[in-house]
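What follows is a set of notes on a single structure, which appears directly below.
Computed over heavy atoms, backbone and side chain alike; hydrogens, waters and symmetry mates excluded.
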Amino acid sequence: MTDTEVPMVQADQVSKSFGSNQVLKSISLTVRRGEVMVLLGPSGSGKSTFLRCINHLESVDAGRLRVEGTLVGYKEKGDKLHELHPKEAAAQRREIGMVFQRFNLFPHMTAIENIIEAPMRVNKVGKATAIARAKELLTRVGLGDKGDAYPAHLSGGQQQRVAIARALAMDPKLMLFDEPTSALDPELVGEVLDVMKKLAESGMTMIVVTHEIGFAREVADSLVFMDGGVVVESGDPREVLANPQHERTKAFLSKVL
């Protein structure tokens, strides 16, 4: 298998429980390099947990999760899995950008300071280089004039765009978005989706948990509908949205479309 054929993400029978609550039940799916996958489903269906397993913010109980062919969070010895040392897991995580529902910006730092923190501290990038890159990224997300602004002086949409720039500053090979617009006022949603759309056009591999059906229809290459910790239905977004095959998918879409 050549490098370009190795999937960016390969989940094989991934399961996860919190106490007696099994949140993921043998999830198997593949995300190709350059693909945009949207995960759709009701609250509590396991979408966010699955995202968090991809960068080992949550450990899996069973199954295998690989990013670019490498096992995430574990080493395999024979048929046994051994969890990686936190430092090794953190090194893997550096290559996976994640944008959360809440922006999680440092309130005491300007937009630029938020963006340069990880490249300087983790990747040991020089300050001048980090600042130049941060300015580029702020321009890319439409905030070239907001480098010196503190989060409190930015709208929710602007804060989320800074959060996207911050994730991109680590040059990730994969971007995970966990309901990135759900905490925003409706009129600010579009500006964040526009940035994500441009990111998709640039070839970034993305997995997006969202209820933004228009984004799924227009931008995604694949759509996965999850409910109760299982993949109920998946396929081309336009086909699944226009002609869902499963009753559960039909019922969900009738409420959100």
Ile54/Leu174 under side chain to side chain contact (heavy atoms under 4.5 Å, CB included): CA gap, chis, key distance, verdict: CA-CA 10 Å; Ile54 293 172; Leu174 168 66; 3.9 Å; yes
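- Under the 4.5 Å side-chain criterion, counting only non-hydrogen atoms from C-beta, Leu184 is in contact with Phe103.
- In this structure, Phe50 CZ and Glu58 CD are separated by 13.0 Å, a value rounded to the nearest 0.5 Å.
- Between Lys146 and His153, the closest side-chain pair of non-hydrogen atoms is not below 4.5 Å.
- The distance from the CZ atom of Arg102 to the OG atom of Ser182 is 7.5 Å, given to the nearest 0.5 Å.
- Between the side chain of Arg33 and the backbone N or O of Met8 there is no donor-acceptor pair closer than 3.5 Å.
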Chi angles and distances behind the side chain to side chain contact (heavy atoms under 4.5 Å, CB included) call for Ile27, Gln13: CA-CA 5 Å; Ile27 298 279; Gln13 304 284 309; over 6 Å; no
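- Residues His108 and Tyr150 keep their aromatic ring centres 6.0 Å or farther apart.
- Hydrophobic clustering keeps Ile213 apart from Ile207 (ILVMFWY residues linked when any side-chain heavy atoms are closer than 4.5 Å, directly or through intermediates).
- Criterion: ILVMFWY side-chain heavy atoms under 4.5 Å apart, direct or through other members. Under it, Val141 and Val192 are part of a common hydrophobic cluster.
- Under a cut-off of 6.0 angstrom, the local environment of CZ in Arg66 is crowded, with over 12 non-hydrogen atoms contributed by other residues, nucleotides or ligands.
- In this structure, the side chains of Val9 and Leu65 come closer than 4.5 Å at one or more pairs of heavy atoms.
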Derivation and outcome, side chain to side chain contact (heavy atoms under 4.5 Å, CB included), residues Leu168 and Leu199: CA-CA 10 Å; Leu168 293 174; Leu199 205 50; 3.8 Å; yes
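- Between Phe252 and His211, the two ring planes are tilted [angle within 30° to 60°].
- Checking side-chain atoms of Glu113 against main-chain N and O of Phe106 turns up no donor-acceptor pair under 3.5 Å.
- Rounded to the nearest 0.5 Å, atoms CD (Gln245) and OG1 (Thr249) are 9.0 Å apart.
- Val224 is connected to Val209 through a chain of hydrophobic side-chain contacts under 4.5 Å among Ile, Leu, Val, Met, Phe, Trp and Tyr, so both are in one cluster.
- Electrostatic pairing of Glu117 and Arg166 does not count as a salt bridge here, judged by no charged N lying under 4.0 Å from a carboxylate O.
- With hydrophobic clusters built from ILVMFWY side chains whose heavy atoms lie under 4.5 angstrom apart, Met206 does not share a cluster with Leu176.
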Test side chain to side chain contact (heavy atoms under 4.5 Å, CB included) applied to Val162 and Leu143, step by step: CA-CA 8 Å; Val162 173; Leu143 294 171; 3.7 Å; yes
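- Side chains of Leu193 and Glu212 form a contact here, defined as non-hydrogen atoms less than 4.5 Å apart.
- For Pro172 against Ala167, the heavy-atom pair with the smallest separation is CD-O, 3.4 Å.
- Under the 3.5 Å distance criterion, the side-chain polar atoms of Ser26 are left unmatched by any main-chain donor or acceptor of Val14.
- In this structure, Leu51 CG and Glu179 CD are separated by 9.5 Å, a value rounded to the nearest 0.5 Å.
- Looking at every heavy atom in both residues, Leu188 comes nearest to Gly156 through CD1-N, 4.1 Å.
- Using a 4.5 Å heavy-atom cutoff, the side chains of Phe215 and Val38 are in contact.
- Between Met109 and Leu105 the shortest side-chain heavy-atom distance does not fall below 4.5 Å.
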Candidate pair Glu35 and Thr205, rule side chain to side chain donor-acceptor pair (under 3.5 Å), full reasoning: CA-CA 5 Å; Glu35 179 178 346; Thr205 313; over 6 Å; no
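- Using a distance-only test at 3.5 Å, with no hydrogens or angles considered, a donor-acceptor pair links the side chain of Gln92 to the main chain of Leu71.
- Between Asp171 and Arg133 there is a salt bridge, since at least one side-chain N of the basic residue sits less than 4.0 Å from a carboxylate O of the acidic one.
- Checking Thr30 against Gln10 by side-chain atom types alone, a donor-acceptor pair falls below 3.5 Å.
- A distance-only check finds no donor-acceptor pair linking the side chain of Gln101 to the backbone of Pro180 [under 3.5 Å].
- Inter-residue side-chain proximity for Leu40 and Val240 is flagged as unmet; no heavy-atom pair is nearer than 4.5 Å.
- At a threshold of 4.5 Å between non-hydrogen side-chain atoms, the residues Glu136 and Thr139 do not count as touching.
- A salt bridge is defined here as a Lys NZ or Arg NE, NH1 or NH2 lying under 4.0 Å from an Asp or Glu carboxylate O, and Arg64 with Glu76 meets this definition.
- Pro244 approaches Leu253 most closely through the heavy-atom pair CG-CD1, 3.9 Å.
- Using modelled atom types, one side-chain atom of Arg238 and one backbone atom of Arg217 make a donor-acceptor pair closer than 3.5 Å.
- Hydrophobic clustering keeps Val232 apart from Met226 (ILVMFWY residues linked when any side-chain heavy atoms are closer than 4.5 Å, directly or through intermediates).
- The two residues Asp221 and Gly34 come nearest to each other via the heavy atoms OD2-O, 3.9 Å.
- The existence of a salt bridge linking Glu83 and Lys75 is excluded, since no basic side-chain nitrogen approaches an acidic carboxylate oxygen closer than 4.0 Å.
- Looking only at distances, a side-chain donor or acceptor of Lys16 sits under 3.5 Å from a matching main-chain atom of Ser59.
- Side-chain contact of Gln22 with Ser17: a donor-acceptor pair under 3.5 Å is absent, judged by distance alone.
- Atom CD in Glu233 sits 10.5 Å away from atom CD in Glu239 (nearest 0.5 Å).
- Taking each heavy atom of Ser48 and Asp178 in turn, the nearest pair found is OG-OD1, 2.7 Å.
- Asp227 pairs with exactly one of Lys25, Arg248, Lys47 by the salt bridge (Lys or Arg N to Asp or Glu O under 4.0 Å) rule, that one being Arg248.
- Note: Gln158 CD to Leu154 CG = 5.0 Å, rounded to the nearest 0.5 Å.
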